[in-house]
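All remarks here apply to the structure that follows.
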Amino acid sequence: MNGFDPESLKSVAAECPGFQARATARALTRYYNACFKPLGLTAEQFSLLVGIGATEGATLVDLADRAGVDPTTLSRNVQNLESRDLVRAEGGRGRAGKRLALTISGRQLVVDAFPVWNCAKAELALRIGEEKLHSAKQAMAELAEAAESSST
């Protein structure tokens, strides 16, 4: 293959915001997973419980759209939370019709997890500084918006 230069590919990982975003997301997921482990909860499950609790009655498709994830993947995670009696899906048929809500156990788990999340966030702020943490969140939001507006 003419023009193929493996050395030039190394710069992609160093310069590509997508590569960095995925690496950062994986590191943050590992960090929050370790923080939530004593509660038997993962970072993804916590995010899903928060999303359902904040918008009770939303459908799985609504949540997937808001989170920018595939409804099929989200469906498996919701089923896992349902089997643990943390979430209930009622009414309608299929992913688009069933309305999601936290059970009493789900609400209690969120209440128990919230201080853990606050402590974890405070630890990150302590490590890099509150201003850098705020700037990073703002930059990620702006980058996401730029990517979304470019892809439509």
Side-chain angles (χ1 to χ4, degrees), residues 4-87 89 95 99-152:
F4 180 78
D5 178 17
E7 283 302 309
S8 68
L9 298 179
K10 292 177 182 175
S11 68
V12 173
E15 296 176 25
C16 178
F19 272 60
Q20 187 58 54
R22 283 187 290 285
T24 302
R26 286 190 297 272
L28 286 168
T29 297
R30 283 190 301 272
Y31 172 70
Y32 280 106
N33 281 348
C35 294
F36 289 130
K37 188 174 184 172
L39 296 173
L41 194 60
T42 67
E44 188 173 6
Q45 291 167 339
F46 176 73
S47 294
L48 189 51
L49 290 171
V50 167
I52 293 168
T55 58
E56 294 238 347
T59 66
L60 193 129
V61 171
D62 294 335
L63 287 173
D65 285 346
R66 254 184 254 123
V69 297
D70 178 65
T72 304
T73 301
L74 200 58
S75 178
R76 285 190 296 270
N77 292 325
V78 167
Q79 287 172 350
N80 177 290
L81 295 175
E82 280 183 287
S83 72
R84 292 178 56 193
D85 190 38
L86 300 171
V87 170
R95 293 189 304 248
R99 303 266 171 213
L100 302 173
L102 298 179
T103 63
I104 292 170
S105 299
R107 288 175 184 225
Q108 186 59 55
L109 184 55
V110 170
V111 167
D112 294 344
F114 204 76
V116 173
W117 172 78
N118 264 323
C119 186
K121 186 175 64 122
E123 176 66 24
L124 289 175
L126 187 65
R127 289 181 184 206
I128 70 167
E130 190 69 47
E131 190 174 313
K132 273 189 182 177
L133 185 59
H134 177 74
S135 293
K137 290 184 290 187
Q138 187 174 0
M140 287 185 289
E142 290 172 9
L143 188 57
E145 188 177 316
E148 283 294 319
S149 66
S150 295
S151 67
T152 56

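Being a predicted model, the structure only gives us computed values, none of them experimental.
A distance of 8.5 Å separates OG of S83 from CD of Q79, quoted to the nearest 0.5 Å. With values rounded to the nearest 0.5 angstrom, L133 atom CG is found 11.0 Å from L126 atom CG. In this structure, D65 CG and D70 CG are separated by 10.5 Å, a value rounded to the nearest 0.5 Å. Taken to the nearest 0.5 Å, the CG atom of N118 stands 11.5 Å off from the SG atom of C35. S135 contributes atom OG, which lies 9.5 Å from atom NZ of K132 (distance to the nearest 0.5 angstrom).
The shortest distance between side-chain heavy atoms of T59 and L100 does not fall below 4.5 Å. Side-chain contact check for E56 versus L102: some heavy-atom pair is nearer than 4.5 Å. A heavy-atom distance below 4.5 Å is found between the side chains of N80 and Q45. Residues D62 and T55 have side chains not in contact (no heavy-atom distance under 4.5 Å, counting atoms from C-beta outward). You'll find the side chain of L124 stays beyond 4.5 Å of the side chain of K121, heavy atoms only.
Heavy-atom minimum distance, L49 versus L41: CD1-CD1, 3.8 Å. The shortest non-hydrogen separation linking P115 to V111 is CD-O, 3.1 Å. Residue D5 comes nearest to S8 through the heavy atom pair O-OG, 2.7 Å, listed as atom of the first residue, atom of the second, then distance. Considering all non-hydrogen atoms of both residues, P17 and L143 come closest at CB-CD2, 3.8 Å. Taking each heavy atom of G40 and R84 in turn, the nearest pair found is O-NH2, 3.0 Å. Between L63 and I52, the shortest heavy-atom distance links the atoms CD1-CG1, 3.4 Å.
At distances below 3.5 Å, not a single donor-acceptor pair connects side-chain atoms of S75 with backbone N or O atoms of P71. When atom types are taken as modelled, the side chain of N33 and the backbone of T42 share no donor-acceptor pair closer than 3.5 angstrom.
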Fill in: Test side-chain contact (heavy atoms from CB on, under 4.5 Å) applied to E7 and K10, step by step
CA-CA 6 Å; E7 283 302 309; K10 292 177 182 175; 2.9 Å; yes

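Figure legend: cation-pi geometry between R30 and Y32 absent, as NZ or CZ is not positioned both under 6.0 Å from the six-membered ring centre and within 45° of its axis.
Counting non-hydrogen atoms of neighbouring residues, nucleotides and ligands closer than 6.0 angstrom, the CD atom of E82 exceeds 12 such neighbours. Annotation for L9: atom CG counts as buried by contact number, over 12 foreign heavy atoms lying within 6.0 Å. For Q108, the CD atom is densely surrounded, since the number of other residues' heavy atoms within 6.0 Å is greater than 12. Within a 6.0 Å sphere centred on OH of Y31, heavy atoms belonging to other residues, nucleotides or ligands number more than 12.
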